[in-house]
Amino acid sequence: MARTQLAAAREGTITEAIERVAERENRDPEFVREQVATGQAVIPANRHHDALDPTIIGREFATKVNANIGNSETTSDLETELRKLHTAVHYGADTVMDLGTGGQLDEIREAHLDHSPVPIGTVPLYEAVKRAGSPEDLTPGLLLEVIEKQAEQGVDYMTIHAGILAEHLPLTDGRTTGIVSRGGSIMASWMEAHGEQNPLFQVYDDICEIFAKHDVTFSLGDSLRPGSLADACDEAQYAELDTLGELTRRAWEYDVQVMVEGPGHVPMHKVAENVERQQAVCDGAPFYVLGPLVTDIAPGYDHITSAIGAAMAAQAGAAMLCYVTPKEHLGLPEAEDVRDGLAAYRIAAHAGDVANELPGARDWDDALSEARYDFDWREQFRLALDPERARDYHDQTLPGDNYKEARFCSMCGVEFCSMRIDQDARDAGEMEHLESTTDLESSPAAEVNLPPVGTHESGSLPSLEDSESSTDAAEASSDD
Ligand code: SF4
């Protein structure tokens, strides 16, 4: 048996996972195999993750959205952590990163893997630092031990901060916001304390061997991503990117799948440049971006500042978007923040797919528009990206069942409803009538995009009850 999805694809084998993602994406399995074989797409699917429904991440496929969850020092219980997983999957996360740094890390990770239909990612460096007691006390051996244990548990992909090198550190001296990646700052402090090269870089080949054995996908961390517009596209960021390109090719030699993480904070006119540069330097390996935030001025609204950049990145070729919540830079997100962040990012991902004319992507838009023009309120709610919110907002002013067929809503009112006026004019023979034409159920994109929110079976997850009131719903999203 081939060791990894990449090895199988290179040998010409269409694996069960390839068959499944081809079905979900409505694509030819042979096309999927080629994309995986050439490293242009990844299927993070640890062979020990039995509950997984495989997902593909690549620029030729529907843009994916990741949500970060995890406990902290102050809160840590299994039920709460499982509820966070449910919240993320319910609101449409395609993958989930467990960034826990509190207690019961092993139990929580195993419970996540037992229940999660979506790929689970981790940053093993966090657990290693907890076990070492401080960043300076980390050792290459401990890092490998933690990585191997998490691989055996079934983690599908891991952020590995191997690209930040000792020679890159002076390049950050003039920065406005220094090193903002949590993993990057840990590695930098270790290198400064020991006067040695990044330990993850030192043992990179050993990590590749572990990943090949269990089929873990690299998510190569961008430790030197800009934390402000002032630092965007600087020498430090691009020097690390060059190293990430080399590490990508080294992992491929081991038949290990790779995606590469990206910024951060980038002004709109430089977003496409960032994506194009990563694609060139990393030979087309999927780009997994955090935002980017396109302005620094809006704490409290950074799900919006970043979703703008995320949509542009998706259009330019980014394959996966890591969500940002309204609490970014301010505090730990709660359940409603997770919902708002995921909504913003699913919009960004879908907008990118529409702009890229992904087969069938716009059918969802067309079906909703037709329901809107037909005043089919129930169908509008069903098709909405967040059906619960669409219904709630409508029913705040017109709650009665009789308003579900009404030819107006409270925005313009019955007298000034432009769609009603337009339809009445057409019905009076003044204009040609338009017929509904979109059959969403038969759309090639239906399997990927069909609402209601959440594309994955979540029946095995704990109830969502009380999640709305739970605090500490997810870890801060940018600190990986
Ligand atoms: S009242 Fe205005 S917003 Fe509401 S359905 Fe009619 S045109 Fe649309």
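Order of listing sets the numbers, starting from 1, for every ligand and every atom in it. Below, each value reflects all heavy atoms present in this structure, side chains not excepted, and no hydrogens, waters or symmetry copies.
Partners of Asp50 by side-chain contact (heavy atoms from CB on, under 4.5 Å), not counting sequence neighbours: none found.
Ordered by chain and number, Cys409 SG make up the set of protein N, O or S atoms under 2.8 Å of atom 4 (Fe) of ligand 1.
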Table please: side-chain donor-acceptor pairs of residues 411-418 below 3.5 Å, with sequence neighbours left out.
none

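Between His303 and Tyr301, the angle of the ring planes stays under 30°, which puts this pair in the parallel group of the 30/60° scheme.
With ring centers used as reference points, Phe31 lies under 6.0 Å from Phe61.
At least one donor-acceptor pair closer than 3.5 Å links the side chain of Gln279 to the backbone N or O of Ala285.
Applying the salt bridge (Lys or Arg N to Asp or Glu O under 4.0 Å) rule to pairs touching residues 272-300 yields Arg249-Asp283, sequence neighbours excluded.
Close approach of ligand 1 to Ser418 is summarised as follows: ligand atoms under 4.0 Å from at least one heavy atom of the residue are 7 (S).
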